[in-house]
Structure formats: C-alpha cells, structure tokens
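Step one of this worksheet: look at the structure below.
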Amino acid sequence: GKAVFDATRPDEVRQFFDGLEPFDHLVLAASGGKGLGPFATLDLADIGSGVDEKIRPQLSCLQAALPTLNRSGSVTFISAVSAQLAAPGVAGIGAINGMLLTVAPILAVELKPLRVNVVAPGVIDTPWWDF
Ligand SMILES: NC(=O)c1ccc[n+]([C@@H]2O[C@H](COP(=O)([O-])OP(=O)(O)OC[C@H]3O[C@@H](n4cnc5c(N)ncnc54)[C@H](OP(=O)(O)O)[C@@H]3O)[C@@H](O)[C@H]2O)c1
C-alpha cells in the first residue's frame with residue numbers, strides 16, 4: 001500500500017504509524033535540500049532547516065513507529081557521505097548529516113534487539129539535485 005504524509009508534521013506522522021499493523025523494517029529517507037556551499041557564505045539558518053527537514057522527520061518517524069516496529073526487525077537512517085568527507089563546501093550539510101551518524105549507535109544500544117543502521121550515500125543522480 002501507499003500513503004502520503006508530511007514527515008515534518010508530527011501529527012501526520014503519528015496518525016500514519018498509529019494506523020499500521022506490526023511490521024519488520026523501516027527505512028528513513030526524508031531530507032531537506034539545504035546546507036551545501038562554502039562556509040564563508042553559508043547561511044547558518046540552513047543547519048536549522050536541515051534539522052527540521054531531515055533529522056527531526058527521521059527521528060519522529062522512528063519514535064512513532066516504535067509501538068508497531070517488531071524488535072526482531074530493523075531501522076535504517078539515511079545520512080550522507082558529507083558527514084565524513086573532509087571536502088570544501090560540505091561543512092553545513094555535513095553537520096546536519098553527522099547527527100544521524102551520532103544517534104544511530106546510541107539507539108542501537110538503547111533499542112536492542114532492534115537493529116539500527118545508518119547508511120551514508122555518495123553522490124547519486126536523483127531529484128534531490130534538482131532543488
Ligand atoms: N542523491 C544524493 O546524491 C544523496 C547523497 C547523500 C545522501 N542522500 C540522502 O538520501 C536520502 C534520499 O535522497 P534522494 O537523493 O533519494 O532524494 P529525493 O529523490 O529528493 O527523495 C527524497 C524522498 O524523501 C521524501 N521526503 C522528503 N521530505 C519528506 C517529508 N517531509 N515527508 C515525507 N516524505 C519526504 C520525498 O518525497 P516526495 O517525492 O513526495 O517529495 C522523496 O520520496 C536523503 O536523506 C538524502 O539526504 C542523497
């Protein structure tokens with residue numbers, strides 16, 4: 001089945017997950033599109049946008065899913081290579097994505113036996129680059 005909801009809206013997130021039967025695997029792909037560019041001219045408000053549009057939606061979905069996500073299953077956050085790439089222009093987007101690399105191992109301990117994974121893709125040709 002397919003459902004449409006805005007993961008930045010906690011009420012919609014809760015409503016979606018409350019309506020699910022128990023399930024095994026959750027992949028969290030939500031993302032904003034800001035935070036890329038040279039640090040000297042980076043709008044630091046973009047880091048807040050990244051929290052609002054990527055970090056909080058992913059965490060919010062996992063939190064709302066906990067009552068129905070089977071503990072024998074898994075969750076996978078999607079971070080980005082920018083969090084570990086010491087390259088010019090990724091300080092902002094790296095700061096945003098680094099949060100998911102930090103929380104994943106913490107939640108792996110806290111929520112065990114649920115497996116908590118995080119993947120950090122490199123550059124992939126998707127609509128993300130169209131913003
Ligand atoms: N592409 C890359 O080069 C790259 C590199 C590193 C990391 N990543 C990460 O990989 C993940 C997937 O990105 P992608 O490249 O596949 O981007 P994408 O094509 O823009 O896909 C993002 C998906 O997330 C959904 N989404 C975004 N915000 C949402 C929200 N508030 N509520 C519900 N759904 C939401 C979008 O839904 P709609 O289609 O309905 O908008 C879309 O299906 C992201 O976390 C991104 O940061 C991508």
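Order of appearance sets the numbers: ligands from 1, and atoms from 1 within every ligand.
A donor-acceptor contact closer than 3.5 angstrom links the side chains of Asp6 and Thr8.
For Arg115, there are no salt bridge (Lys or Arg N to Asp or Glu O under 4.0 Å) partners two or more places apart in sequence or in a different chain. Considering only residues two or more places apart in sequence or on other chains, Asp52 meets the side chain to side chain donor-acceptor pair (under 3.5 Å) condition with Arg56.
Nearest heavy atoms, Leu69 versus Ser74: CD1-O, 4.1 Å.
Within the structure, the ring pair (Phe, Tyr, Trp, His ring centres under 6.0 Å) test picks out the following pairs touching residues 14-73 (sequence neighbours left out): Phe5-Phe16.
For the side chain to side chain contact (heavy atoms under 4.5 Å, CB included) criterion with Ile55, the lone passing option out of Asn97, Ile47, Ile96 is Ile96.
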Between the protein and ligand 1, are there any N or O atom pairs that come within less than 3.5 Å of each other, and if so, what are their names and distances?
residue	atom	partner	partner atom	Å
ligand 1	1 (N)	Ile124	O	3.0
ligand 1	1 (N)	Thr126	OG1	3.1
ligand 1	3 (O)	Gly122	O	3.4
ligand 1	3 (O)	Ile124	N	2.7
ligand 1	3 (O)	Ile124	O	3.2
ligand 1	3 (O)	Trp129	NE1	2.9
ligand 1	15 (O)	Thr126	OG1	2.5
ligand 1	31 (N)	Asp6	OD1	3.0
ligand 1	32 (N)	Ala7	N	2.8
ligand 1	45 (O)	Ala29	O	3.0
ligand 1	45 (O)	Ala30	O	3.3
ligand 1	45 (O)	Lys54	NZ	3.1
ligand 1	47 (O)	Ser31	OG	3.1
ligand 1	47 (O)	Lys54	NZ	2.8

